[in-house]
Structures are given as C-alpha cells and as structure tokens.
Protein chains: 2
Amino acid sequence: MDQRFQNLLATAQDKCDGNGLRLTQKRKQVLNILIEASSPLSAYEIKDLYAKQHNENIKPMTIYRALEFLVEANLVHKLNLNNKYIGCARAKCCEHHGYSQFLICVRCGNVEETNVDPVIYEHLVQQAQAYQCEIVMPHLEVACICVRCK
Amino acid sequence: MDQRFQNLLATAQDKCDGNGLRLTQKRKQVLNILIEASSPLSAYEIKDLYAKQHNENIKPMTIYRALEFLVEANLVHKLNLNNKYIGCARAKCCEHHGYSQFLICVRCGNVEETNVDPVIYEHLVQQAQAYQCEIVMPHLEVACICVRCK
DNA sequence: CACGCATTGTTACAGTATAACATAACACAA
DNA sequence: TTGTGTTATGTTATACTGTAACAATGCGTG
Ligand SMILES: [Zn+2]
Ligand SMILES: [Zn+2]
Ligand SMILES: [Zn+2]
Ligand SMILES: [Zn+2]
C-alpha cells in the first residue's frame, strides 16, 4: 500500500484513540477503500471493492454501519449531491475538523474539499437569523465543472 | 382549492406557455400537490397523495417524469439534503429564476427559499477559480434548525 | 390525412437504505 | 478470573428510490 495511505490511516487511528472512538478493522478497511479511491464512491461501489480486495462478500448493512461511524468521526463525508461518500481530504492536517466546502464536478465527479470561507459563513449566519434559524451546516456542496472537464 | 394555489398554477402555466413548454395535466397535478404541501415531499409521498386525491393509482415512472420536467422548468426544486422535492416559493414573483438558497430544518423539514447572497456567490466563484473550476450551482442547501424547533 | 415528435403507459429491474433480532467481542468492576 | 453491561458485528428480510426499454397514444404541421 502507498505510504501516504498508511499515514492517513495512522492519523485516523490516532484521532479515534484520542477521542475514545474505536476504529475497528471493518471500519478501517472501509476507510482504506475510500482513501485509496480518492474520489467519491457509493455504498455499493465500496461493497464491490471490498469483495474484490478481501475476496469475501460483505453485506450492505455492514458498509452502512461503518460509514455511519466514519461520517460521525469526520473521517468520511457524505455528499448529498451525488449520493456518494468520500474520504476526508484533511484527515492529516486538521485536528479539529471545521465546516467543509466541496467543489463537486458534475461531469467527472472529482471533488475538492476546502474550508468554508469565513465571509461566506458569516453571511449565511446573518441570513439565517432573518428567519430565526440556527445554522447546523455540516458542509456546503457546490456543483461545478472542473478544469479537466471544461 | 385555495385562491393562492390557483394563482401559482396560473402563473406557472403562463411561464410555460411563454417558453414553449407544455404544462400538461399530469405535470400540473404533480405541481399542484407540491404547492399545496408547502413542504418538501419525496417522490413516493407525491405518489400516495396523488392516489388519494384522484382515486387512481399512478406509477413511479410517471411521477419522476413530471418531476424532471418541473425541475427543469424551475417550478420545482430537488433538495439533495433530504432527497425531497419542493414547489418553488418564487414562482409568483420572479420571471427569471436565479440561484436559490435553501434553509432546511433538519428536525421538521421546513424550508425557506431565498436568493443566494451576491457576496456569497462572488466568494464562491473566486474560490472555484483557485481550482480552475467553473461554478454551475443550481442552488445552495444549508442545514439549520428553524425557529419552531429550537 | 400522413408524418414526426413529444407525452404517457407498462413492465421489469437496478440501486439505496434500514428494521429487527441474534451473536460475538470488548471494557471493566467485583 | 468471572460475571455483567455495552458496543460491534452477523443475518435476514424488507422498504424506499430511481431508471431502462419498448409500446401506445396524442398533438401539431404541412
Ligand atoms: Zn473533511
Ligand atoms: Zn470534472
Ligand atoms: Zn425557486
Ligand atoms: Zn424545524
């Protein structure tokens, strides 16, 4: 396996250990698949890759459980725009995961994860206040066309 | 039927006529259900309501086709956050439908549709440029907790 | 009317996600 | 260590969401 993947996994392990979360084997295997893919995968694409890599069938329920944990731990994000899951691009650099913004290419599916611009965040909060809403915002998804697809 | 719904439907009809789009009976019936609901519905919730209102079973395919048309015509929006559809809150007031922003309550599902703040839009465009991405952005979805659910 | 095109009908199926209950692994205290 | 409660995993079944493919119908235009 690529050294970079090893580092990401090790960092993820540390993050979980430090927060009392259990990054079990199944969860780590699912995370590994997403990190290696480096582009979003559907739950059933993960299922198929798992079956190939481990030469062992795995049930959807198991995948969804692992994903639920990983999303909760901010190691993986669920993209609603295309209904896929992606390994966090910032697992290595950010101890405290803030609000993310995803530029999602509607043609090739490539994704760039960045921080939500503070100016944008402030404007969103203000607008929400006009409706007396409190922003929860796990993240922001922006549809775009990437440089390779133009 | 409520007078306001009548007006919304009439406006929708005018918009379609003016753009060479055919707002057929089935499409209008689906739009009507969404307008009356005033909160997001899943495709199969629409199916059930249709069956009740018209005392007639309707196939999913038919619903999805109507929704595809209505979304294309900007009379209905698809919310990716909760995988539901909502009648456009601005069908009456806006001839040219710009970028929308939705404040979606993660507790009760209530939705507020507004315009995307120009400042936010400009920042998004600039950030996208850093990745040489071109923003497509049909809309922005922001998870929040509404005033009634706090 | 005849033709082309858009819409709708119909069947079958693919893809996504969760409920419910059983079993196994683990943490921790007696 | 052994019991005990908790968390994780296994297993089966089922609900929910969405589309492919082809047939039939309607509609506007020459
Ligand atoms: Zn992240
Ligand atoms: Zn692309
Ligand atoms: Zn709208
Ligand atoms: Zn609410």
Side-chain angles (χ1 to χ4, degrees), chain A residues 12-13 16-34 37 40-52 54-73 75-86 106 109 141, chain B residues 12-13 16-34 37 40-51 54-73 75-86 106 109 138 141:
Chain A
Q13 185 74 68
C16 287
D17 290 347
N19 292 324
L21 303 173
R22 290 160 61 180
L23 186 58
T24 61
Q25 195 190 27
K26 278 266 146 60
R27 291 165 175 171
K28 199 188 287 195
Q29 286 167 338
V30 169
L31 176 58
N32 185 40
I33 286 173
L34 281 167
L41 298 175
S42 77
Y44 280 74
E45 285 169 345
I46 296 171
K47 178 180 185 296
D48 293 342
L49 284 172
Y50 186 98
K52 263 187 206 161
H54 302 278
N55 222 9
E56 174 200 347
N57 201 16
I58 184 172
K59 302 229 158 57
M61 192 70 255
T62 309
I63 301 285
Y64 282 108
R65 279 171 178 160
L67 287 173
E68 185 186 14
F69 171 88
L70 294 168
V71 167
E72 189 66 28
L75 297 170
V76 165
H77 302 294
K78 173 169 187 182
L79 302 176
N80 298 306
L81 192 63
N82 50 13
N83 213 23
K84 289 173 188 285
Y85 301 83
I86 188 169
V106 293
E141 300 182 20
Chain B
Q13 185 75 67
C16 287
D17 291 345
N19 292 324
L21 303 173
R22 289 162 61 183
L23 187 58
T24 61
Q25 196 191 27
K26 278 266 146 59
R27 290 165 176 171
K28 200 188 289 195
Q29 286 167 338
V30 169
L31 176 58
N32 185 39
I33 287 173
L34 281 168
L41 298 175
S42 77
Y44 280 72
E45 285 170 343
I46 296 172
K47 178 181 184 296
D48 292 342
L49 285 172
Y50 187 99
H54 302 279
N55 222 9
E56 175 200 348
N57 201 16
I58 184 173
K59 302 230 157 56
M61 192 72 255
T62 309
I63 301 286
Y64 282 107
R65 279 169 177 161
L67 287 173
E68 184 186 14
F69 171 88
L70 294 168
V71 167
E72 188 67 27
L75 297 170
V76 165
H77 303 293
K78 172 170 188 182
L79 302 177
N80 298 306
L81 192 63
N82 50 11
N83 211 25
K84 288 173 188 285
Y85 301 83
I86 188 170
V106 293
E141 300 181 20

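Reminder, nothing fancy here: chain letters follow the sequence lines and each chain counts from 1.
Side-chain atoms of Phe69(A) and Leu23(A), non-hydrogen and from C-beta on, do get closer than 4.5 Å to each other. Residues Lys78(B) and Asn83(B) form a side-chain contact, since some pair of their non-hydrogen atoms from C-beta on lies under 4.5 Å apart. The closest side-chain heavy-atom distance from Leu21(A) to Glu72(A) is not below 4.5 Å. No side-chain heavy atom of Pro138(B) sits less than 4.5 Å from a side-chain heavy atom of Val71(B).
Atom CZ in Phe69(B) sits about 7 Å away from atom P in dT7(C), given to the nearest Å. Rounded to whole angstrom, the span from the CD atom of Gln25(A) across to the P atom of dC26(C) amounts to 11 Å. Taking atom CG of Asp48(B) as the reference point, atom P of dA15(D) lies 14 Å away to the nearest angstrom. As a whole-Å value, the separation of Leu67(A) CG from dT18(C) C1' is 14 Å. Regarding Gln29(B), its CD atom lies at a distance of 16 Å from the P atom of dT7(C), rounded to whole Å. Rounded to whole Å, atom C1' of dA25(C) lies 12 Å from atom CZ of Arg27(A). At whole-Å resolution of the value, NZ in Lys59(A) and C1' in dT23(C) are 13 Å apart. If you take CD1 of Ile58(B) and C1' of dT10(C), they are 13 Å apart, rounded to a whole angstrom.
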Quick tally for nucleotides 16-29 of chain D: nucleotides whose base has a protein heavy atom under 4.0 Å get B, sugar-phosphate-only ones S, the rest -, giving -BBBBB-----S--

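Scanning for side-chain contact (heavy atoms from CB on, under 4.5 Å) contacts around Leu81(A) gives Ile104(A), Glu141(A), Ala143(A), Asn80(B), with sequence neighbours left out. Listed by chain and number, the residues in a side-chain contact (heavy atoms from CB on, under 4.5 Å) with Leu41(A) are Ile33(A), Leu34(A), Ala37(A), Glu45(A), Ile46(A), Leu49(A) (sequence neighbours excluded).
Under 4.0 angstrom from either OP1 or OP2 of dG9(C) there lies at least one side-chain N or O belonging to Lys26(B).
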